[in-house]
Amino acid sequence: MSDQRKPFPFADFESKWQQHWDENKTFRTPNPGDEDFDATKPKYFILDMFPYPSGAGLHVGHPEGYTATDILGRYKKMNGHNVLHPMGWDAFGLPAEQYAIKTGQHPRITTEQNVDNFRRQLKSLGFGYDWDREVNTTDPKYVRWTQWIFIQLYNSYFDEETKKARPVSELEAKGWSRDQVDDVRLAFIHEAPVNWSPSMGTVLANEEVEEWKSKGETVERRPLRQWMLRITKYADRLINELDPLDWPESIKLLQKNWIGKSTGAEVHFDIHGHEVTVFTTRPDTLFGATYMVLAPEHPLVGEITSSNQKETVDAYIASCASKSDLERGDLNKDKSGVPTGATATNPVNGEKIPVWIADYVMTGYGTGAIMAVPAHDERDFEFATKFDLPITQVVQPKNDDNWQGFTGNGISINSGFLDGMKTKDAKKAIIQWLRDNNKGSFKVNFKLRDWLFSRQRYWGEPFPILWEDGNHKAVPESELPLLQPDMEDFKPTGSPEGPLAKATDWINYSESSKRETNTMPQWAGSCWYYMRYCDPGNTERFISKEAEEYWSGTSNASENNGMVDLYVGGTEHAVLHLLYARFWHKVLHDLGHVSTIEPFQKLVNQGLILGEDGAKMSKSLGNVVNPDDVVLEYGADALRLYEMFMGPLEQVKPWQMKGVEGVSRFLAKVWRLAFEQNQEGEWILSTKLTHEDASVDKDKNLLKVLHETIKKVSDDIERLSFNTAISQMMICTNAFGKVDQLPAELVRDLLKCLNPFAPHLTEEINSKLQVPDSGIMLCDQDWPKYNEAYLVEDEVEIVVQVNGKLRGKITVTKDATKEDIETLAQQDENVQQHVEGKTIRKIIVVPGRLVNIVAN
RNA sequence: GCCGCCAUGGCGGAAUUGGUAGACGCGACGGAUUUAAAAUCCGUUGAAUGGUAACAUUCGUGCCGGUUCGAUUCCGGCUGGCGGUACCA
């Protein structure tokens, strides 16, 4: 399409307005303390999930969420809010480094180029971000505070009584030893089996393993010394404090399942003088425990294995170790295991039961050991059947269900003093017994593991930690940020020390102390970026108290509210990012640095945009849509509008280029409400427009449709229902297009409604409309108010049903009585035909809507 | 396997509190304008039957059943698709 052919000259004015907004800092948000800060304005904090600036540039999924928040932000601004709607870059991370290794270019350079490209692309879409607040997680001024927060974690412990983080200095004051303190820090060193990727030369979090495996990287289990964050201490609060949040229930559930709380008991068994503890959610079935299983990696396996079983056991452990997680889990549901030759004593009845090892018991969950109750557990049942182990029924199902493998609640039998009790009561009774006899206790277990926080990479925040005689301590805060040294060779070493170990000058901090060579994972920077937006230039603190309180809204609300009013992003972060960020926020809250207990009050997940073929967009399928191309062909406003018109924000929906044409046609119609082409093909103000001309009565129908539109668009924006808002504006535009005389102020009010959606087009028209406020940008004007008087109709159409089926329509005045309506309805010819020969039993009148005559 | 979400014309979708199913857009068809096309404008468009027509009737929101004067909407049971998770004791 040549420029002549474009239905409206978007290419001319879109870049013009973008430049204008940029130069005038139109969307700058004043902070407390700024000259133009107005404390009387309510705050509104809208957050987009900031992008990882990949080399591929923006894809159409990004502008989906970003347009939605931009519309809401512009709407709130026009409604008198002080809107914080910033953007930044999650720029550390493995992809940048992998790319750097391939090309030999320093990741800082490629990251910078990618950021520039992303910024250019976002600006070309006309988003109203306050670019003065841009943050970049790799910026030394930002890294400084990420490391500072790490030190806060390092210097804190979790106080079990108050369920809050406290400074470890309190423990030191009480005389705790260095080792005791190190054992309770929220950031701690731990030697544990971890996911080591030989191909990438780094350790990965459990949560990341599958993602990288699917990209072809190798991952294996290996015991290593790593930095961990004690997120498990917050497990209960991370579940309970979800409640007041305005999040999709499905996401809350996802997080709850991930944390995986289960309540039960710990029971101590004796194996030849060794105490082995198991965790069970069904302590009431203790009498039915007919054997015990230890995970192959359980530390006691070596000691308890009898000499004649040693060979078998060793061989089994070796075979488990060589199996990948996939072979052990997904591919092999068949139970395997071997007896150790040892016997355990069931504490409740003194019975001797065999001890096995089997890989269906995991080392990382519970105690890595179970009591097997084959009668009432599917897995134990399968195992016992396969290896011919005894099965004892101890629960009687309430109905006549088969008790073999019955896992539900019932009545205890064959269980001594528990006999006859309901499962719920039996649990209580046995726990009490275990307590009294020192054989166990009530216990809560979580699936959530502590967060493996170290990586062996170059492109991440170095740990602000020094090592001295095998002990660690924090780098003085005055020395932050601690940046990676400039290195020629930042390739992974393949050893768990990571590439920083090669920077020999850098490592040696002093005669006696060396630097930690691990770096933090990408999550670190994204855990707190929303806070930095509130006070991005602060060199004294990560956020000033004043800015924190203002943007948290705690001056007029409670600490139970989340800081961010609305957070929009994809579901892929439903668990990890959102859980990690909540954890950090809570720690900072406990330590008195932030006033709310949660970061994000309302969360909305945008739905994935699929390719035109209904499949997920991917290079290999060739169905990827590049936003740059769409902007070039149809303009930024059309792209924005289309992405909002496709369907509900949260829904998965396929791209349709024809749909872009449709909204582009709509925008052209709006353009032609104000302009027409003269003989030379130039756009001149439409001759249909009337200006403050008292001789022309404003068309009542136009006022009605306009005010309906104002009402609907306002409501729809509030509930993020952008597709229906747009369809209403289409209806209004179609109505405006039909008349010969169109008052310019009515067009201006429609433009105000459309402005958050299509800011370039509407500002351009408004600036030339020759209405009183044409000189003021729409985004600086007030949102229009609808007038109820224009909406009410003198006459209403009412539907008449007979037995629930539509049989006629009547028109009544708005003050018609119920009786009038009933009479009128019965007079309708078609209605009479359907009532004929029947007795009217009942007439239901829904005022203003329908009449239903029930007859038989 | 378990948990969650979804299902409406040829297509994307609308129906906000149980009250006219299919708004709005796309596509298709017919027409106006044009030398012609593009663009634009007007009209028709869930299916079937009857009628020259206005219109009327029946069916219709994945399937089966229930509650209700009335169900796309609420309840129970299925089927299909998508997402998460997986031997979690």
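Within every chain, numbering begins at 1; the chains are lettered A, B, ... in the order of the sequence lines, protein sequences first and strands thereafter. Just the heavy atoms: all of them, side chains too, but no hydrogens, waters or symmetry mates, feed the values below.
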Looking for any heavy atom pair under 4.0 Å, which part of the strands does [X] touch: base, sugar-phosphate only, or nothing?
| X | result |
| --- | --- |
| A/Asn445 | nothing |
| A/Lys669 | sugar-phosphate |
| A/Asn723 | sugar-phosphate |
| A/Gly659 | nothing |
| A/Val652 | sugar-phosphate |
| A/Val854 | sugar-phosphate |
| A/Lys447 | base |
| A/Ser262 | sugar-phosphate |
| A/Arg841 | nothing |
| A/Ile844 | base |
| A/Ile370 | base |
| A/Glu378 | nothing |

Could you tell me whether the phosphate oxygens of [N], OP1 or OP2, come under 4.0 Å of any side-chain nitrogen or oxygen in [X]?
| X | N | result |
| --- | --- | --- |
| A/Arg849 | B/G18 | no |
| A/Gln801 | B/C69 | no |
| A/Asn257 | B/A86 | no |
| A/Lys842 | B/C69 | yes |

Smallest separation among heavy atoms of A/Ala758 and A/Leu667, with atom names
CB-CD2, 3.9 Å
Taking all non-hydrogen atoms of both residues, which atom of A/Asp284 and which atom of A/Ser412 are closest, and how far apart?
O-OG, 4.3 Å
Sub-3.5 Å donor-acceptor pair from the side chain of [X] to the main-chain atoms of [Y], do we have one?
| X | Y | result |
| --- | --- | --- |
| A/Gln832 | A/Gln826 | yes |
| A/Tyr316 | A/Ser336 | yes |
| A/Asn623 | A/Asp613 | no |

Could you work out the separation of [N] and [M] based on their [atom1] atoms and round it to a whole Å?
| N | M | atom1 | answer |
| --- | --- | --- | --- |
| B/A37 | B/A54 | P | 31 Å |
| B/A21 | B/A36 | P | 45 Å |
| B/G83 | B/C87 | C1' | 22 Å |
| B/G27 | B/G22 | C1' | 16 Å |
| B/G19 | B/C3 | C1' | 35 Å |
| B/C78 | B/G9 | C1' | 25 Å |
| B/G18 | B/U61 | C1' | 15 Å |
| B/U8 | B/G46 | C1' | 10 Å |

Under a 3.5 Å threshold, yes or no: a donor from one side chain and an acceptor from the other, between A/Glu378 and A/Thr407?
no
Residues A/Glu718 and A/Tyr75: side-chain donor-acceptor under 3.5 angstrom
yes
Applying side chain to side chain donor-acceptor pair (under 3.5 Å), run through A/Thr232 and A/Asp450 and close with a yes or a no.
CA-CA 5 Å; A/Thr232 49; A/Asp450 278 327; 2.6 Å; yes
Are A/Lys335 and A/Phe383 in a cation-pi contact, defined as NZ or CZ under 6.0 Å from the six-membered ring centre and within 45° of the axis?
no
Watson-Crick or G-U pairs under 3.5 Å in RNA chain B, rendered as dot-bracket with [ ] for crossing pairs and | for another strand
(((((((..(((......[....)))((((((.......))))))(((((....)))))..(((((..]....))))))))))))....
Steps toward salt bridge (charged side-chain N to carboxylate O under 4.0 Å, His left out) verdict (A/Lys818, A/Glu822)
CA-CA 6 Å; A/Lys818 219 173 155 176; A/Glu822 283 184 20; 5.4 Å; no
Please determine, for the side chain of [X], which listed nucleotide ([options]) has the closest atom?
| X | options | result |
| --- | --- | --- |
| A/Lys738 | B/G4, B/C42, B/A89 | B/C42 |
| A/Tyr360 | B/C87, B/G19, B/G25 | B/C87 |
| A/Leu254 | B/G84, B/G19, B/A89 | B/G84 |

Spacing between [X] atom [atom1] and [N] atom [atom2], to the nearest angstrom:
| X | N | atom1 | atom2 | result |
| --- | --- | --- | --- | --- |
| A/Ile251 | B/U85 | CD1 | P | 12 Å |
| A/Glu249 | B/G83 | CD | P | 23 Å |
| A/Lys653 | B/G12 | NZ | C1' | 11 Å |
| A/Leu610 | B/C11 | CG | P | 16 Å |
| A/Lys335 | B/G1 | NZ | P | 16 Å |
| A/Met644 | B/C24 | CE | P | 21 Å |
| A/Glu64 | B/G12 | CD | C1' | 13 Å |
| A/Glu266 | B/A89 | CD | C1' | 13 Å |

Base versus backbone protein contacts along nucleotides 55-60 of chain B [heavy-atom cut-off under 4.0 Å; B, S, -]:
-SSSS-
Note: A/Glu708-A/Lys704 ion pair, threshold 4.0 Å (strictly below)
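Salt bridge flag = yes for A/Lys704 with A/Glu708.
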Specify whether A/Trp671 and A/Phe8 have parallel, tilted or perpendicular ring planes, treating 30° as the upper limit for parallel and 60° as the lower limit for perpendicular.
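Tilted, since the angle between the ring planes falls between 30° and 60°.
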